Amino acid sequence: MAAPAQPKKIVAPTVSQINAEFVTQLACKYWAPHIKKKSPFDIKVIEEIYEKEIVKSRFAIRKIMLLEFSQYLENYLWMNYSPEVSSKAYLMSICCMVNEKFRENVPAWETFKKKPDHFPFFFKCILKAALAETDGEFSLHEQTLLLLFLDHCFNSLEVDLIRSQVQQLISLPMWMGLQPARLELELKKTPKLRKFWNLIKKNDEKMDPEAREQAYQERRFLSRLIQKFISVLKSIPLSEPVTMDKVHYCERFIELMIDLEALLPTRRWFNTILDDSHLLVHCYLSSLVHREEDGHLFSQLLDMLKFYTGFEINDQTGNALTENEMTTIHYDRITSLQRAAFAHFPELYDFALSNVAEVDARDSLVKFFGPLSSNTLHQVASYLCLLPTLPKNEDTTFDKEFLLELLVSRHERRISQIQQLNQMPLYPTEKIIWDENIVPTEYYSGEGCLALPKLNLQFLTLHDYLLRNFNLFRLESTYEIRQDIEDSVSRMKPWQSEYGGVVFGGWARMAQPIVAFTVVEVAKPNIGENWPTRVRADVTINLNVRDHIKDEWEGLRKHDVCFLITVRPTKPYGTKFDRRRPFIEQVGLVYVRGCEIQGMLDDKGRVIEDGPEPRPNLRGESRTFRVFLDPNQYQQDMTNTIQNGAEDVYDTFNVIMRRKPKENNFKAVLETIRNLMNTDCVVPDWLHDIILGYGDPSSAHYSKMPNQIATLDFNDTFLSIEHLKASFPGHNVKVTVSDPALQIPPFRITFPVRSGKGKKRKDADGEEDDTEEAKTLIVEPHVIPNRGPYPYNQPKRNTIQFTHTQIEAIRAGMQPGLTMVVGPPGTGKTDVAVQIISNIYHNFPEQRTLIVTHSNQALNQLFEKIMALDIDERHLLRLGHGEEELETEKDFSRYGRVNYVLARRIELLEEVKRLQKSLGVPGDASYTCETAGYFFLYQVMSRWEEYMSRVKNSGTACPDAAPDAAQVATFFPFHEYFANAPQPIFKGRSYEEDMEIAEGCFRHIKKIFTQLEEFRASELLRSGLDRSKYLLVKEAKIIAMTCTHAALKRHDLVKLGFKYDNILMEEAAQILEIETFIPLLLQNPQDGFSRLKRWIMIGDHHQLPPVIKNMAFQKYSNMEQSLFTRFVRVGVPTVDLDAQGRARASLCNLYNWRYKNLGNLPHVQLLPEFSTANAGLLYDFQLINVEDFQGVGESEPNPYFYQNLGEAEYVVALFMYMCLLGYPADKISILTTYNGQKHLIRDIINRRCGNNPLIGRPNKVTTVDRFQGQQNDYILLSLVRTRAVGHLRDVRRLVVAMSRARLGLYIFARVSLFQNCFELTPAFSQLTARPLHLHIIPTEPFPTSRKALPSPALLLPELQTLDHARSVAVFFQLQSSLFCSFHWMKCPRDLGNFNKQTVL
């Protein structure tokens, strides 16, 4: 197998190089934002830059990066653009900048939105340039860039400015580009379209000639572009040298076609144009496809285009086509061909009279049509409206090969997409793993296109949605598998032995040489399939390794995935491995196949099953594992061996590799997605179109749902009636009781009724009803029934005073439909989520809620808060690993809940026994739940009913007399049972009060027996597994799991009959698109409909997205886009929480510009911790400039492993200084933007202060990405980079970095680099407004009473200013004096002495 070429990494220029650049000098003169006196606009500057810097460097990314980073587009190009100054250089410069922004993954259209006037003219110029002759003014390379720009436009339909221009190219009038006969055929198929077409023609007649000509140009643009592409494609020879510009142009063009076909708005009319152009036929017959190296990517892209052109969808309606409908379309096509043959072509009679199944295979069609002449083939095609009619006595201009392929490819039988998917192996092989076009290396620069699906705003059908996600998830897993294989195999050092065999000179923890491999079972295929149902093999290895590694291998569990590898090294013994050279060449890797562990075999050859029983001790070092092979892959390999004489792959394996369990769940997720595609995915009707990205994005909002609920019980949401009124500004609140003493929570609220499909009632003129009545809320206070006399009977209450936007989020979450809550840092997302869960639990006790989060940590935080609310813990269940991290003594896992039920059952039966004794009833009523039930029915209920009749009848003897409160206590039958409750039980103040207490006591008793009835199943079900399943399916009302667990266990949950009504997703913006979708389908539909009623998604798309390790999948395929983010982009309504309570107001200002109206809660201004200054530090936040340390800035010992020793030393020194002033070490966290710096800082801490009890270690030393969702009082942040901004340019990472600190944020960075970055300007303009050297007050211990002031420097004579050159040395001088004074810091009475004695 040919080794793939190693792509080169793009090296970013240093700051000094940037400053020396010609571009930078021009920027400083004309457009740099920090320059106050700028020279006037000069068009010659743009011409000069384009010719000298861009064209001359062959469009080098480094030059374009430099220009884009200098804000060339924002501050010079577009600001000064107008039709008068438009030129080729101007157009191309703008296109290059926009393309670079997309490559860098930063917002590209913001500048155009601010000044949209000239965009239509600019766009028309681009269209004209894209159609220019290749040997004319625009070169082919430039036109390739124009294609890329157009592709970005077509993929940005959510931007109004772009959509308004693009729509003119892809609407129905574009059918002007069809040949007349084809147009007539299409209009006949859909009668409605003829009306529209006639209307278009009428409108065209009314237009003036110039406007009509312009419209015609736009409508025919894509047709003419296709013809231009075909001419370029035909100019590529089969074997002679070809310029790569032509190849890249063809690749980019096919990418554009794929993107147009993969979106319904662009596909609807364009697919017919594409079909009429016969583009695919031209491509498959082209020389480029047959050029093995140059045409490899082109061929892969072409296969993707072929897939989408034949996609199973009705282009006009957008409805997915079933397999039967696709078969009908195929039959219609071939029978129309047979009718044409029968009527007009006698030489095709045999074909016309054959049955369809006999003639629709490719070989059969070639047999019938191959002998025909070119003219006859043309006539057949023209009869089917595929080509223009051939004039009489003229020969066709088309090749016979083209005509034959046109007819055959159109009419051959195709395998259905679902069949293709089911026949696809789930494990990657060596052909996929090292194919750079579909699994690029980590050095992917974003320059070229790839044969990968993209996740954008819209999808054709649910099948398309799942398939794209399936392919991307599979390939992302493949990238990680490749890294593991390369690491393990290279550690084993395979060399060629003297006799030609393989010898391993090293060892790897995760891989072992195979001693023996045997296929032991190939099961028969299922009916209708051609692959075996099961293939099993035995793999024997010799575990002559350390005990803990041996335990890891023996601990391989059922369903763990391993990889079988064949290496045939050609390098002699002792050859060194060079990681910079291609891996396959060096190790001689030949084959890779996946397998799934069934289990390890015992001495008798039987599989050792996983279970509670201890595993047998096996003698010796040899171990044999039974594995499942992929049946599809096995069938393909065996077919290749038999038909082509290839070697048997399964006789060659010599290495087995395992992977870490946490990273090895890809197969289970892929199987889940494939199973979903094989079943009817029943998504609720109100969600279907929104998931695909179509229709009204607000249609699933509760205000538009037909089943909106008028009256809701808000339970303990409101703290008072004043809180309630403040929560609904602009509404008139009417309370049903006038007595202020009775206006206390809980409240039921009746909202304005909406008529029809959730729409507001309209008056006679059709205007929305905004009357007083429509804004009136009816509030009804109600009393929660007494639950019993014990203190623990009192309900737990919410203590948080929610803001009005939080209340709107809670209200929306309680209503049916889709609720999207955007929660900026510190705005109480988790509190809102917990309150929604609690309110649903109390309002709809029969419904079940599924909680899904991205991480175990978030799930545990959520669960800990749920437990603090009024929710019965027997209804809580936590699935998956991670429940052991819950900071509680209670176990909410499945088996933990089983144990809780069994223990609780015993407790309750003891209570029954006590009750029985107190009533003097003989027998053993507390033996089982069943006997307790009979006891309640015959003994307890009879006494209660008798008591109620006596108490209520006592007042009937004298109707005018008030009921006697004393009799409530006198006749009460359960005094003895409640003797251990706080006394007296009855207050004797009023009959009503005592009666409510009596009923509360009975409710307490009744609840005991209700719970026992629910626990009765645990007596009948004997095994822990059965009991846990019963709890999951019947008992639990709130079930929590991570999105990964949901994806892994979907099959098991559906099989169990798991049901739920509501889903709440926390951290929704951090969850992969497919892992967000799968939890919607963890249950079988009821009568063909989903029972899902609510979907609440809470997240923040302005913070970091899901982690995608491979840059190509992240950037090119947009795999990092979460479903939450896509919904926001589509325009689904959101509730934006707008008050934060985490950080000082000054710190909040560093990131609140990214959100809508984000303000501060009152306590941020009032609490002492927020109003007090940070001891020993002048400012509450500061950006500290760090120049080169010992002549070095950033370093990169390994690819992407960035370090900066100067910043690391400075950060640690400040940490030590703070600890010596008295700051608790656990209140300080050190963050950085790169893993390399994290490890360096940890090393320095270990060396400097890790073992020093006076200083200790910070709470965390980690990366910004890892710290998302966490916070600390003081954050020390190292930005590391000194050459290029790097991935901090992603504003989402900046938001996370700026929002982790509550009280103090100190950032160490190269200021000259970061202050010029356009995307970071709002934060860095505030940071650079303060001094760039650290300001400290070494005489001030922690805590301080000094107030935080806006301009503190004026008031503090003892201030010290540290620049980088002396900072670390000064800090270490401070240590000695602070160590001496440490005991004063710990004794408040000696603080005065400390101030006097500490010196710098």
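Computed from a predicted model, the values in this text were never measured in an experiment. Residue numbers run from 1 in the order of the sequence given.
- The CZ atom of R1126 sits 4.0 Å away from the CD atom of E1073 when rounded to the nearest 0.5 Å.
- Between the side chains of N1174 and Y1306, at least one donor N or O sits under 3.5 Å from an acceptor N or O.
- Scanning both residues, L145 and N99, for their nearest heavy atoms gives O-ND2, 3.2 Å.
- Taking the six-membered ring for Trp and the full ring otherwise, the centers of F1181 and Y1151 sit at least 6.0 Å from each other.
- Judged purely by atom type and a 3.5 angstrom limit, Q1271 has no side-chain atom pairing as donor or acceptor with the backbone of R1142.
- In summary, the aromatic rings of F41 and W31 are positioned with their centroids too far apart to meet the 6.0 Å limit.
- With contacts defined as side-chain heavy-atom distances shorter than 4.5 Å, the pair L1183/F1314 does not qualify.
- Residues F1124 and F1127 keep their aromatic ring centres 6.0 Å or farther apart.
- In summary, K52 and E48 engage in a salt bridge, as defined by a charged side-chain N under 4.0 Å from a carboxylate O.
- Under the salt bridge (Lys or Arg N to Asp or Glu O under 4.0 Å) rule, E1120 has a single partner from R1293, K1115, R1292, which is R1292.
- In this structure, the separation between NZ on K56 and CD1 on I49 is 14.5 Å, given to the nearest 0.5 Å.
- Looking at F123, F154, F122, F102 one by one, the single match for ring pair (Phe, Tyr, Trp, His ring centres under 6.0 Å) with F149 turns out to be F122.
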Candidate pair I54 and L67, rule side chain to side chain contact (heavy atoms under 4.5 Å, CB included), full reasoning: CA-CA 10 Å; I54 298 178; L67 275 165; 3.8 Å; yes
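- Here the straight-line distance linking atom CD1 of I1184 with atom OH of Y1179 works out to 11.5 Å at 0.5 Å rounding.
- Around the CZ atom of R1266, the shell of radius 6.0 Å holds no more than 12 heavy atoms that belong to other residues, nucleotides or ligands.
- Under the side-chain hydrogen bond (donor to acceptor under 3.5 Å, both in side chains) rule, R1310 has a single partner from D1188, N1204, T1282, which is D1188.
- Looking only at atom types and distance, the side chain of D1136 has a donor-acceptor partner in the side chain of T1134 under 3.5 Å away.
- The shortest heavy-atom contact between G1269 and R1300 is N-NH1, 3.3 Å.
- Here the side chains of L1158 and T827 are in contact, with some heavy-atom distance below 4.5 Å.
- Residues that satisfy the side-chain contact (heavy atoms from CB on, under 4.5 Å) test with P107, not counting sequence neighbours, are E110.
- Shortest non-hydrogen contact noted between A130 and L146 is N-CD1, 3.8 Å.
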Steps toward side chain to side chain contact (heavy atoms under 4.5 Å, CB included) verdict (I94, Y81): CA-CA 10 Å; I94 293 173; Y81 182 80; 4.0 Å; yes
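- Applying the ring-ring contact (aromatic ring centres under 6.0 Å, His included) definition to pairs two or more places apart or across chains, those involving residues 1102-1121 are H1102-Y1155.
- Judged purely by atom type and a 3.5 angstrom limit, E1067 uses its side chain to pair as donor or acceptor with the backbone of H854.
- In plain terms, the two heavy atoms of E47 and S87 that are nearest each other are OE2-OG, 3.0 Å.
- Salt-bridge formation is not detected for the pair D1265/K1238: no Lys NZ or Arg NE/NH1/NH2 atom is positioned less than 4.0 Å from an Asp or Glu carboxylate oxygen.
- In this structure, K115 places its NZ atom where more than 12 heavy-atom neighbours from other residues, nucleotides or ligands lie under 6.0 Å away.
- Under the 4.0 Å criterion applied to side-chain N and carboxylate O atoms, K454 and D259 are assigned as salt-bridge partners.
- Residue-environment remark: CG (N1157) stays at or below the threshold of 12 foreign heavy atoms within 6.0 Å.
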Chi angles and distances behind the side chain to side chain contact (heavy atoms under 4.5 Å, CB included) call for I46, V85: CA-CA 10 Å; I46 293 172; V85 295; over 6 Å; no
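- The structure places CG of N1118 at 9.0 Å from OG1 of T1125, a figure rounded to the nearest 0.5 Å.
- Between E1187 and N1185, the side chains place a donor N or O and an acceptor N or O closer than 3.5 Å (distance only, hydrogens not considered).
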Derivation of the side chain to side chain contact (heavy atoms under 4.5 Å, CB included) call for E447 and H248: CA-CA 11 Å; E447 278 183 284; H248 294 323; over 6 Å; no
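- Applying the salt bridge (charged side-chain N to carboxylate O under 4.0 Å, His left out) test to pairs two or more places apart or on separate chains, those with a residue in residues 68-91 are E68-K101, E68-R1289, E74-K101, K88-E142.
- Donor-acceptor pairing under 3.5 Å is lacking for the side chains of T1232 and Q1237.
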